[in-house]
Amino acid sequence: MRRPRLSSRENYLRAAGFRCPEYIPCRISPFWPVWNTYRERLEEIAKQYSLLFPGYRPGAIEYDERPGIVRVDEYRRDAFGCLWHFTIKGYQGQVVEHPLDDWSKLRDFEMPDPDEGLPSESSGLTPWEQVYEAMERARERGDLVVAGMPHGFFFQRLYYLRGFRNFLVDVVRRPPELYELIEMLTEYNLELVRRLLKFGSVDVVSFGDDLGTQAGMPISPRAFRELILPTYKRVFGLARSSGAHVRLHTDGRVVEVIDQLVEAGVTILNIQDRVNGLDAVASLIRSGVCVDLDIDRQLLIPHGGPEEIRAYIRRVVELLEPKRGGLMMYAEVHPPTPLENIRALAEAMAEVMWLD
């Protein structure tokens, strides 16, 4: 594969800032069950297209004695007191116990201590020393320094704590406890961002909050503006005040609130292509927002043919015209994706990513 002149960090920042990158930043991310299925055959593709598999390190993947999907039955309580149930190794679980399923529990509820560490979505806290050490290693390598907030940091955390049905009722009824919980969670996230920014030299503060369903938003754009946007503005604004980019990953159809996400301060938006539409993506890029495009992992990658995948990747680049920047591509790979589809995806990205 062609060797770039620019470092991956410099090229990424050029793409994010519309400053004529050398190539489109592209990443292929097979989930663990896919690695566990194809093993050395997939590793050979990752070695051949190393620029597209930036997280891959030879020998770093631990395989199960059983190839393929590994079923588990595990429970884990996170730092907020939510109980998660996991059924497939390598995949996120589902909250099955919500610590605030009754508002009477709010008076005794406390957020995790922000001094104790950075929470993950579904387990405990990572001490700040480990967080800073990982960021320092990235800086020493000359890599992009990313300060990663936990996935599901706000919108999803509200219904992890309350339960999804309860949360939707809250959005309609607007009990005073909802506003109290929102303020508690907002202040907690601000404290986490403050501690991340203490590292200095942060290139990107990365957030994740899945806001949409396959068909649209579970709450109205008006409710989003009243309940969610103020927190996003405060938290993203703090990150932007350091000079860092704000990257937001969000799954589902979110076109109804994209304008609010931009208003909140998002500079790199990671959204799904098919459910949101490439026209909406093109409009975002024209308006000066960088899109980290999530290539269709539900139908195209696992079920399309290799030629269909190649044609689609070419079409995306032709339509979005990323010469000045503003486009990145991200492709998750899940079962039952055939190995030839992964190779076709890598070949297609390697063919169209170069912009000079």
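Quick caveat, the model's predicted, so the values are computed rather than measured.
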Given 3.5 Å as the limit, does a donor-acceptor pair link the side chain of [X] with the main chain of [Y], or not?
| X | Y | result |
| --- | --- | --- |
| Asn276 | Val254 | yes |
| Ser283 | Asp279 | no |
| Thr267 | Val246 | yes |
| Asp64 | Asn36 | no |
| Gln260 | Pro221 | yes |
| Asp209 | Thr250 | no |
| Lys323 | Leu355 | yes |

Output the distance between atom [atom1] ([X]) and atom [atom2] ([Y]), rounded to the nearest 0.5 Å.
| X | Y | atom1 | atom2 | answer |
| --- | --- | --- | --- | --- |
| Leu211 | His249 | CG | NE2 | 9.0 Å |
| Ile268 | His245 | CD1 | NE2 | 5.5 Å |
| Asn270 | Tyr330 | CG | OH | 7.5 Å |
| Leu181 | Phe109 | CG | CZ | 7.0 Å |
| Leu197 | Leu192 | CG | CG | 11.0 Å |
| Ile295 | Ser29 | CD1 | OG | 13.5 Å |

Is there a path from [X] to [Y] through hydrophobic residues (I, L, V, M, F, W, Y) whose side chains come within less than 4.5 Å of each other?
| X | Y | value |
| --- | --- | --- |
| Tyr75 | Phe86 | no |
| Tyr132 | Leu144 | no |
| Val169 | Ile219 | no |
| Ile61 | Ile88 | no |
| Leu293 | Val275 | no |

I'd like to know whether Val317 forms a side chain to side chain contact (heavy atoms under 4.5 Å, CB included) with Met329, so could you lay out the CA-CA distance, the side-chain angles of the two residues, the decisive distance to 0.1 Å, and finally the verdict. CA-CA 10 Å; Val317 174; Met329 287 192 287; 4.0 Å; yes

Could you go through the side-chain hydrogen bond (donor to acceptor under 3.5 Å, both in side chains) check for Asp203 and Tyr12 one step at a time? CA-CA 10 Å; Asp203 295 316; Tyr12 184 101; over 6 Å; no

Got a salt bridge between [X] and [Y], using NZ or NE/NH1/NH2 to carboxylate O under 4.0 Å?
| X | Y | answer |
| --- | --- | --- |
| Arg315 | Glu308 | no |
| Arg343 | Glu340 | no |
| Arg310 | Glu307 | yes |
| Glu177 | Arg162 | no |
| Arg77 | Glu97 | yes |
| Glu187 | Arg234 | yes |
| Arg174 | Glu226 | yes |
| Glu191 | Arg195 | yes |
| Asp356 | Arg2 | yes |
| Glu136 | Arg139 | yes |

Min side-chain heavy-atom separation [X]-[Y] under 4.5 Å:
| X | Y | value |
| --- | --- | --- |
| Phe18 | Ile285 | yes |
| Gln92 | His151 | no |
| Leu284 | Ile271 | yes |
| Cys82 | Arg157 | yes |
| Gln272 | Glu332 | no |
| Ile228 | Leu158 | yes |
| Pro114 | Trp128 | no |
| Ile301 | Asp296 | no |

Begin with the C-alpha distance, continue with both residues' side-chain angles, and end with the deciding distance and a verdict on side chain to side chain contact (heavy atoms under 4.5 Å, CB included) for His98 and Leu161. CA-CA 5 Å; His98 310 278; Leu161 292 168; over 6 Å; no

Where [X] and [Y] come nearest, the two heavy atoms and their spacing:
| X | Y | value |
| --- | --- | --- |
| Phe236 | Ala264 | CB-O, 3.4 Å |
| Val202 | Ala147 | CG1-CB, 3.8 Å |
| Arg247 | Val204 | CB-CG1, 3.8 Å |
| Leu178 | Asp170 | CD2-O, 3.7 Å |
| Phe31 | Gly90 | CD2-O, 4.0 Å |
| Pro218 | Gly212 | CD-CA, 4.3 Å |

Count the heavy atoms of every other residue, nucleotide or ligand shown that sit under 6.0 Å from [atom1] of [X], and state whether that count exceeds 12.
| X | atom1 | result |
| --- | --- | --- |
| Glu62 | CD | no |
| Arg324 | CZ | no |
| Arg141 | CZ | yes |

Under 6.0 Å between ring centres: does that hold for Phe155 and Tyr232?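 Between Tyr232 and Phe155, which both carry aromatic rings, the centre distance is not below 6.0 Å.
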
In terms of relative ring orientation, are Phe167 and Tyr159 parallel, tilted or perpendicular, with 30° and 60° separating the classes?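 Ring orientation, 0 to 90° scale: tilted.
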
Show your working on salt bridge (Lys or Arg N to Asp or Glu O under 4.0 Å) between Lys47 and Glu40 and close with a plain yes or no. CA-CA 10 Å; Lys47 292 173 186 175; Glu40 291 78 10; over 6 Å; no

Side chain to side chain contact (heavy atoms under 4.5 Å, CB included) test vs Asn341 passes for just one of Pro306, Pro302, Pro336, namely Pro306

Between Leu339 and Ile45, does a side chain to side chain contact (heavy atoms under 4.5 Å, CB included) hold up when you go through it step by step? CA-CA 9 Å; Leu339 189 65; Ile45 297 175; 3.9 Å; yes

Please step through side chain to side chain contact (heavy atoms under 4.5 Å, CB included) for the pair Asp78 and Tyr160, ending with a clear verdict. CA-CA 11 Å; Asp78 68 22; Tyr160 294 163; 5.5 Å; no

